[in-house]
Structure formats: structure tokens, C-alpha cells
Amino acid sequence: MTPVIFLDKIEKRYESGSVVTEVLKGVSFSIFPGELVSIMGPSGAGKSTLLYILGCLARPSAGQYKLDGVDVGKLSDEELSRLRNAKLGFVFQSFHLIPQYTALENVLLPTVYRRGRKQEKKRDIEKAKELLNLVGLEARYHYRPGELSGGQKQRVAIARALMNDPEVILADEPTGNLDSHQSDEIVRLLLDLNERGRTIIMVTHDPEVGRQARRMITIRDGLIQSDVPCS
Amino acid sequence: MFIKILKVSLKDSLKHPLFTVLMMVGIVVSIFSMTTIVAIGEGTKMEIIQALKGFGFGGDVMMVAAGGGRIFRHRPSKVKSLTVADAEALKQLPFVKAVAPRQGMRRYVVHFRGRSFHTRILGVTPSFLTVGDYQIDMGQALGQQDLRDHRKVCLLGKTVAEELFPGNRAAALGQFIQIGKFFFRVKGILAEKGQLGRFDMDDRILIPLTTASTLFIRDTYLHAISVKLSDAKDIAAYQRIVRAFLRKRHHLHPDEPDDFRVVTSLDVVQIVNRSSRELTTLLVRIMIISLLVSGIIIMNVMLAAISERKVEIGIKRALGASRRDILSQFLFEAVWLSLIGSLVGVGIGMLAAYFLKNTIPVSLTWRPLYMAVGFGILVGAVSGAFPAYRAGQVDPIRAILGGRQ
């Protein structure tokens, strides 16, 4: 089986003036379809940077990254954007729904930037509704983010991440802004999605959440400290 | 893709009404003022041309005025070059249908039973009425008898009649009014001619030319001769012929300048056009400045909007928007807002012009609409370019993480 994500000696440096900060110092791993991986580590360890490299929003300073067999390093902004749109779904700590859009409009947003496929608005709307049903928001299609609780917002965000049937869902501290009850619900939802075959990578510093994954990669000082399966 | 981004741009700007309105304000105002100015400018021009026709400057009339130099002067010339004999001689030209010599455009105080009024006195021949397209409202026109006998009779313009005989112009007929030191019998009242710009065409009294020569001017030299042509086909050629004809009659040496002017409707139109061109040049300058200001407003409001909407940009980038998608969205936004703004401006401007119609001359044409569409797109595209580029350059990670990292 080919890995959906293949990282080889990924490095990331930030330069500001003469100060060079090395955030990642050579990270290598592969993730296969259907995995649920948590990336753990203390703040500043470089886990978010790693996630955004995985998400094709940042480019590594060195090393090779193949997403679904495609070498990302050689792609233009346009191609990277297309790749993000088609293969990746994002879930953020602060939900990042567009406040002026309804839940349904937020879920539909990835279809705006979808290339190549014919515009099928009706089918997209049907699908967005199904996804909102799936995350338990069947009665909230036309609510705006301001009218939803934190847990509900994160469900909308998850539905949005699923909209274009991505290969991988990337979640950056998905429970970071939620109370323990809502946090449990979101984790359960992610586990459920993984059961249905979704590949999920989630960054967290909450060990409770991290342990729920099938595999746990711990980053410290820009290097992988451990990469172990969870029970 | 193009359509989708355009739709998103429309949708998003409607969801940020404050920015949308702020962006449009400048262009609305500047296109509004442009529309009104163009309407007034065109209206004035049309009115001048219209009025000049009423003044006796239809296509088939030319005027020979005493004294050389500029075509239009404020005061009648004191040059004593034009005579009744010139007028009579002009009649021999094959294309001349009628001539109307006249004297004096000078103001006198006229009295009637304690009422007085300051007005222009013109010494004319009976043909003046036909050449100048005057109608008699009441009473009779001037006749050859009046001219031959130097009679002290007069025709009143409507304004004069109303001033001296308020409420009942008809009462003027047969009455004696005092012009300067002399009493004149009112023989007729002229039909209304209206305004030539701010110049009241009804503020005048016509008296026989011969009477004017003996009583007022004390000389027989003419101030002008209106010439009615048989047709308006080749005015420029007729003008040349008349000029050559009069130069010969006046025995002018080739080096000497003309001591008269031959003015045709073409010259008038040319002058009106020239002044309207000047107006247009001025207008264009004002437009450029005001569009520049609207452009700056759009640019600044957009830059503010973009920094406000950074997170939104970051989210869209994460969800698959490329830099170009973001740039296009904001560029579209600038263009269509500017376009809508200028259309709104034209709308208000046309409405304003429509309501001004009764106070000042306006002309509603399609021209401002075309200009507005053009300028709207141009200003939007130019002023939106930089902010849109900036929006495309927003770092998605920084936007998404906000203050977190």
C-alpha cells in the first residue's frame, strides 16, 4: 500500500533578519490511508508548523513531501491550492467559520474553489446537508456561527472539511477551544469518521485527546521523539 | 471558476455592507456631479443654439456688423463704415432674399404715466421683422410710410409692454410713450421671443430706422445688417462672397483689415462649440481629480477591509483558494462596487438634472451613462489592483493562527 503522506527529512527554518529559527530539523514518517494519527508535543515543538506543511500552506525548507504520491515541493501556488482543495480537509482550533455565512454556506465554501469538475450546485447542497446531518446539525442549516455553540461550530467545520471528499483531514487542536463535554463529542465524531475509513491527522497537546488516536507521534525540539501505536 | 469567484465576490461584499457603502461613496458623488455638470453643459449649449435661431441666426441668416475684429462684442461698434446703401447693394446678390439694416442697441429710459423702464432701442426697417423672425402679437407692424415720414411710432417687446402697462398689454396700443425726450405712439406689440441665455429678447423697442437716425443716433451709419439668404446650402461660400463684395464697396486696400464682420450661424455654432469644448476640458480635469479621490477612497477602504478580513482570506486559502483566486475576488469586488457606485451616481445625477429642468437648462443624454460605466470599471480596476494584490499575498498560516503564533 502506498502511503497517503510521505515525509522525508523535512526541515523548516524561519529567518527574521539575522536570526534563524529552526523549527523542524529533519522529520520523516509515512501515514497510510485509514490511519488516525495524533501529533503531540509541548508548545513550540513545531507540531503546528508540521501540520501546515502537511496542509500545503507552508513549504518545507528542505526535505521531500509526497501527498498521495505527488511531490509537493515542485508545485506552483495554483497547483498547491488545487491539491489542498481536492485532497485535504482542515479543522482549526478556533473553528474559523466565516461569521457572515450560514452553516450550510460555510460547508459549501470548498466547492467554490473546486476545479475541473462540473458545477453541480444542487448536488453540492444536498451533500452539504447530508454532511451537516452526519455531524448532528440537521436543524441548524441556516444558523450563523454566532448562533451556534463551540461544539456545534466545530461540527460545521468538520462537515466543511469533508465536503470535497479529501484524502486526509488535518485537525489543529480541534478540541482546544472546547469544554470537556464538547471536546469528547468532537473526538467521538473524529473517531467515528475514522471508523468509516477517513484518514485523520490531529495535532493536540492534550494527552487525553491524543491517546484516543491509533498512533501517536511525539515531536520535541523539531524532531520526532516517539512514534508509537496507541492501545 | 471565473463565474464562481465573481459570485463569491458579490456575496461577500453584500455581507460587509459598511465597507461596501464606504467604498461606493466617493464614486457615487463624483459620477453624480459629473452627470449633473454634463447635463447642464449640454443643456446650456442647446439653449444657446436654440436661442440664436430665435435671435435671427437660423441657418439662412447672416449678419453684417460694423467694425472688424472679434465676431461678438459687448457694445455696438462706433465704426461708421456700414451704410443703408450697403444694405441696398447687398440685395443685388443673387442669394440674398432680404436685408434688414438696423441702428443702435443702446439703452434709453422710457416713460409712461409715472412708470419708467430702461430698455434697448433699435432703429429698423419693416424687413427686420421677417428677417429676424419677429411676430406681431397685437396692433400693426412698421410700414414703409413710417420709415419714409420718419414717424415717431414704435413696437414694444413683451417685457417692455408688461413693465409700462402692467396687467394689460393691450392698453398700450395707441398710447404715447416717452423715449428720451420724444413721444412715440405704440403701434404694435411683438410676440414673445424668450431668453438668449440671460439676455431678454423681449426687452426692446423697435422704431423706424429713419426716426432713429434723425432723433437718436444723428447719423445714418448702420450698426448691422441682417441678411436673409435664399437657402442655407453653402453658407461659407456666401460669407466669402459678401465679404469680397463689401470690401470692394468700401474700397479697402488688400493690406487693410475688414471694417465689418460677416457673421453666420456657422460662426455662432463654432463659438458655442468652442466654449463648450472649454467647458468639457475643465470638466475632464475636475473629473480626473474627483475620480482620483474616489479611487483613493476605494483603495483605502479596501485595504482596511482586507486587514479586517484576513482570517477569512486565510480560511479560503486553506480550503483551496489560490493567490489568484483571492486577488480576483477582491479585484472583482472593487470593479463591480465602483461600477454600481457610478451607476447610482448617474441615476442620482439624472434625477437631479430632471428636477433642475425647470430652473436651469439641462439636457439628458446617454453620454454620462457610457462615461460612468467606463470610469466605474476603470477606477475600480486601477484602485482595486493594489489592495487585491495585497489580499493575495496574505499569509494563510499567520491569518489562521491569528495571535496564537
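Chain A is the first sequence line, chain B the second, and so forth, proteins listed ahead of strands; every chain is numbered from 1. FYI, side chains are in, hydrogens and waters are out, and symmetry mates aren't considered; it's all heavy atoms of this structure.
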Assert top hit (heavy-atom pairs under 4.5 Å, partner chain A, pool B:H16, B:K11, B:E312) equals B:K11
Under 3.5 Å, side chain of B:K4 to main-chain N/O of A:R114, donor-acceptor pair present? yes
Start with the C-alpha gap between A:H96 and B:V311, add the side-chain angles, then the distance that decides, and say whether side chain to side chain contact (heavy atoms under 4.5 Å, CB included) holds. CA-CA 8 Å; A:H96 282 330; B:V311 177; 3.4 Å; yes
Looking at B:R390, I'd like to know if its CZ atom is crowded, meaning that more than 12 non-hydrogen atoms belonging to other residues, nucleotides or ligands lie closer than 6.0 Å. no
So does A:L57 get a backbone contact from the side chain of B:R317, meaning a donor-acceptor N/O pair under 3.5 Å? no
Can you confirm whether more than 12 heavy atoms, excluding those of A:E78, are under 6.0 Å from its CD atom? yes
Does NZ belonging to B:K15 count more than 12 external heavy atoms closer than 6.0 Å? yes
Measure across B:G320 and A:Y113 and return the closest heavy-atom pair with its distance rounded to 0.1 Å. O-CB, 3.5 Å
Under 6.0 Å from the CZ atom of A:R220, do we count more than 12 heavy atoms belonging to anything else shown? no
Go through the atoms of B:I400 and report whether side chain, backbone, both or neither lie under 4.5 Å from a heavy atom of chain A. both
Name the option with the most non-hydrogen atom pairs under 4.5 Å to chain B; the candidates are A:L83, A:V112, A:L170. A:V112
Residue pairs passing the ring pair (Phe, Tyr, Trp, His ring centres under 6.0 Å) test with at least one member in residues 348-391 of chain B, sequence neighbours excluded, are none
List the atom pairs, with distances to 0.1 Å, where a side-chain N or O of residues 331-342 of chain B and a protein N or O form a donor-acceptor pair under 3.5 Å, not counting sequence neighbours.
from   : atom 1 : to     : atom 2 : distance (Å)
B:E333 : OE2    : B:R309 : NH1    : 3.2
B:W336 : NE1    : B:S9   : OG     : 3.4
B:S338 : OG     : B:G376 : O      : 2.4
B:S338 : OG     : B:G380 : N      : 3.3
B:S342 : OG     : B:S338 : O      : 2.9
B:S342 : OG     : B:L339 : O      : 2.9
B:S342 : OG     : B:A372 : O      : 3.2

What part of A:L80 gets within 4.5 angstrom of chain B, counting heavy atoms only: side chain, backbone, both, or neither? neither
If I take atom CD1 from residue B:I315 and atom CG from residue A:L97, how far apart are they, to the nearest 0.5 angstrom? 7.0 Å
Between A:R115 and B:D325, is a salt bridge (charged side-chain N to carboxylate O under 4.0 Å, His left out) present by the stated rule, with each step listed? CA-CA 12 Å; A:R115 277 89 163 165; B:D325 292 337; 2.8 Å; yes
Between CG of A:N164 and CG of B:L319, what distance do you get to the nearest 0.5 Å? 9.0 Å
Around atom CG of A:D221, are there more than 12 heavy atoms of other residues, nucleotides or ligands at under 6.0 Å? no
State the CZ-OG distance between B:R323 and A:S81, to the nearest 0.5 angstrom. 8.0 Å
Go through A:I98 and B:K316 one step at a time and tell me if the side chain to side chain contact (heavy atoms under 4.5 Å, CB included) criterion holds. CA-CA 9 Å; A:I98 293 182; B:K316 287 180 173 170; 3.9 Å; yes
Under 3.5 Å donor-acceptor, A:D77 side chain and B:S322 backbone: no
When rounded to the nearest 0.5 Å, the distance separating CZ of A:F92 from CG of B:L401 is 8.5 Å
